[in-house]
Novice: 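Have a look at the structure that comes next, please.
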Amino acid sequence: MKTESAPLEEPDSRTFQVRSARQSDIEQLVKLEEESFSADRVSRRSFRRFISGRTDLLLVASDLGAVIGYALVLFRRGTALCRLYSIAVSNKARGRGVGARLITLAEEQALERGAMVMRLEVRIDNERAIKLYKQLGFRAFGKYEDYYQDHVDALRFEKMLKKGLPPQARLIPHYPQTTEFTCGPAAMMMAMAAFDPDLELTRAREFRLWREATTIYMTAGHGGCEPVGMAVALARRGYASEVYTSNPPPFFLDTVRDEDKRSVMELTQYEFAQDAKEYGIKRHRRGLKAKDIAECVDRGELAIVLVSGYRMFDERFPHWLLVHGHERRHLFVHDPWVDPDLFESPAAAMNVPIPMGEFDRMARYGRSRLRAAIIVKGRRSQ
């Protein structure tokens, strides 16, 4: 989050107005951005998009028509997570509680929009801002080294906006996929690292896993990974898993018209099935719902689950997530995808709370409404 040049102030009794940003505010917002930050500035084009966007909240503080501060919150579609991406306060408005008021109202509006958790990053040397975040109920839960342009570290903070949603205690490394088609291998690597903390998460490992589990062809472009192939790749590395699918194989052929591509995908998946038999991997013909996955998590297992990218990214492609925790109404996931176009950092994709009802809607793919999950149980017994 960008606060390095705009330390926040504690509240006082002087008044100003906080409201949603308007297109007519853009000129003043750009000037405030230039005054507050020397790098990584929000552009005029981005302000325009944020004002009319569906997945963000842009509040401004104004005094007699002058914009004296703003707070920008980004939401993850389909989740209960939001991120305080940027906040700035005019030099002339310091000491009036502008920053604290913006954050408080942003929290209230984020809660109304279904967010349960708010996260942010702050420079480790911004003591004034850190003090205020703690006063407002945020807790530090991690650090990014060499995060800012001048190589200063960032502290990660979060706040539960609704009581009863516990912070996640299970520490599982997050690995962001490095291509558009390696979400499956990234999820596999995170699951492996959960049971083997010394495992090195590298791009070379990501691509080795992809080569072993890919279906070769998808509807276009590079091949994605299918559940049985992923379970086989895990077994080769000594991890025990079981596969749950609502539909029989072959998978991901709904929109594949080319007969050569279909035949290659069918043959590849047949070979995966044969390998699964050799490794003794159990395959179940039923799809898992959120409550079933929560029961797996309670047993200390992890779930790599297929979801539709449409409900999260407005794109109709298969996507794999790692489910590692839950509470009564939410599953907690590590999402391999970190979207730079939405100004996301890895914090936006870690320990993401997803309401169970929404998870059940997103955890199916294609015209066949395929539900698929690999339940990773840990190391295989020798």
Side-chain angles (χ1 to χ4, degrees), residues 170 172-218 222-245 247-253 263-285 288 293 296-297 299-307 318-324 333-337 370-382:
R170 189 168 187 178
I172 297 177
H174 180 269
Y175 181 84
Q177 65 191 85
T178 63
T179 74
E180 293 182 353
F181 53 89
T182 49
C183 54
M188 294 163 65
M189 290 166 63
M190 291 186 281
M192 292 159 62
F195 297 106
D196 186 358
D198 295 327
L199 182 74
E200 188 177 2
L201 303 183
T202 65
R203 199 169 191 222
R205 190 183 300 276
E206 177 186 4
F207 277 91
R208 283 197 298 270
L209 288 166
W210 173 76
R211 288 198 306 270
E212 293 181 30
T214 183
T215 55
I216 308 300
Y217 291 106
M218 293 298 291
H222 296 281
C225 293
E226 67 100 77
V228 181
M230 293 165 68
V232 169
L234 288 167
R236 289 189 180 119
R237 288 157 177 80
Y239 298 90
S241 66
E242 297 185 10
V243 178
Y244 290 79
T245 58
N247 306 342
F251 308 115
F252 306 129
L253 295 181
S263 64
V264 170
M265 293 178 69
E266 289 170 353
L267 177 59
T268 301
Q269 294 187 49
Y270 173 79
E271 292 296 321
F272 287 154
Q274 296 304 112
D275 291 340
K277 288 180 181 179
E278 292 184 12
Y279 281 107
I281 298 171
K282 292 183 179 179
R283 298 170 59 189
H284 307 271
R285 183 69 60 79
L288 297 181
I293 294 171
C296 294
V297 170
R299 295 194 294 267
E301 301 164 350
L302 299 172
I304 302 172
V305 182
L306 177 71
V307 300
H319 185 60
W320 294 98
L321 304 172
L322 178 70
V323 183
H324 63 80
V333 311
H334 275 5
D335 185 351
W337 180 245
L370 171 66
R371 291 187 182 274
I374 304 102
I375 303 301
V376 187
K377 297 174 172 292
R379 281 290 186 179
R380 292 167 60 92
S381 58
Q382 301 299 319

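It should be emphasised that the depicted structure is a prediction, and the values quoted were computed from it without experimental measurement.
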Novice: Considering only heavy atoms from C-beta outward, does the side chain of C225 approach that of W210 to under 4.5 Å?
Specialist: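 Yes - at least one pair of side-chain heavy atoms lies under 4.5 Å apart.
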Novice: Looking only at atom types and distance, does a side-chain atom of T215 sit under 3.5 Å from a main-chain N or O of G224, one as donor and one as acceptor?
Specialist: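 It does hold such a pair.
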Novice: Can you name the closest pair of heavy atoms from R285 and N247 and give their distance?
Specialist: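 Result for this residue pair: CD-C, 3.9 Å.
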Novice: What's the separation between atom NE2 in H324 and atom SG in C296, rounded to the nearest 0.5 Å?
Specialist: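 H324 NE2 to C296 SG: 15.0 Å, rounded to 0.5 Å.
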Novice: On a heavy-atom basis, which atom in R379 and which in D196 lie closest, and how many Å separate them?
Specialist: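 Answer, listing the atom of R379 first, then D196: NH2-OD2, 3.2 Å.
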Novice: For residues L322 and M189, determine if any side-chain heavy atom of one lies less than 4.5 Å from a side-chain heavy atom of the other.
Specialist: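 A side-chain contact is absent here, since even the closest heavy-atom pair is not under 4.5 Å.
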Novice: Just wondering, do I375 and L288 contact through their side chains at under 4.5 Å, heavy atoms?
Specialist: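 Side-chain contact under 4.5 Å: yes.
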Novice: Which heavy-atom pair separates R283 from A276 by the least distance, and what is that distance?
Specialist: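 Smallest interatomic distance, heavy atoms only, reads CD-CB, 4.4 Å.
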Novice: Does the H334 side chain pair with the main chain of M190, one donor and one acceptor, at a distance under 3.5 Å?
Specialist: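 Checking the backbone N and O of M190 against the side chain of H334, no donor-acceptor pair under 3.5 Å is found.
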Novice: Might you point out which heavy atoms bring P318 and F252 nearest each other, and give the distance in Å?
Specialist: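 Heavy-atom minimum between the residues: CB-CE2, 4.0 Å.
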Novice: Is the closest side-chain heavy-atom distance between M188 and Y239 below 4.5 Å?
Specialist: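 The answer is no; the side chains never approach within 4.5 Å.
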Novice: Would you indicate whether the side-chain heavy atoms of F251 and L306 approach each other to under 4.5 Å?
Specialist: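 No - every pair of side-chain heavy atoms lies 4.5 Å or more apart.
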Novice: Between P336 and C183, what is the shortest heavy-atom contact and its length?
Specialist: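 Smallest heavy-atom distance, with atoms named: CG-O, 3.6 Å.
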Novice: Give me the atom names and distance for the closest heavy-atom approach of P227 to A372.
Specialist: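 Heavy atoms only, the tightest pair is CG-CB, 4.2 Å.
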Novice: When rounded to the nearest 0.5 angstrom, what distance separates CD in E226 from CH2 in W320?
Specialist: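 Atom-to-atom, E226:CD and W320:CH2 are 8.0 Å apart.
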Novice: Measuring from atom CD1 of I374 to atom CE of M230, what distance do you get when rounded to the nearest 0.5 angstrom?
Specialist: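 Going from the CD1 atom of I374 to the CE atom of M230 covers 4.0 Å.
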Novice: Is the shortest heavy-atom distance from the side chain of L201 to the side chain of P173 under 4.5 Å?
Specialist: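 A side-chain contact exists here, since the closest heavy-atom pair is under 4.5 Å.
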Novice: Ignoring hydrogens and geometry, is there a side-chain-to-backbone donor-acceptor pair from H174 to D335 under 3.5 Å?
Specialist: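 The answer is yes, because a donor-acceptor pair under 3.5 Å joins these two groups.
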Novice: With side chains defined as the heavy atoms from C-beta onward, is the minimum distance between S241 and E301 less than 4.5 Å?
Specialist: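 Not touching, per the 4.5 Å side-chain cut-off.
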Novice: Could you note down all residue pairs passing side chain to side chain donor-acceptor pair (under 3.5 Å) where residues 264-275 supplies at least one of them, sequence neighbours left out?
Specialist: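 The answer is R236-D275.
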Novice: Any side-chain heavy atom of Y175 sitting closer than 4.5 Å to one from R203?
Specialist: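 Sidechains of R203 and Y175: in contact.
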Novice: Check the pair L302, F195 against side chain to side chain contact (heavy atoms under 4.5 Å, CB included), reporting the backbone distance first and the verdict last.
Specialist: CA-CA 10 Å; L302 299 172; F195 297 106; 3.7 Å; yes
Novice: For the pair E200 and R205, evaluate salt bridge (Lys or Arg N to Asp or Glu O under 4.0 Å) and give the outcome as yes or no after the intermediate values.
Specialist: CA-CA 8 Å; E200 188 177 2; R205 190 183 300 276; 5.6 Å; no
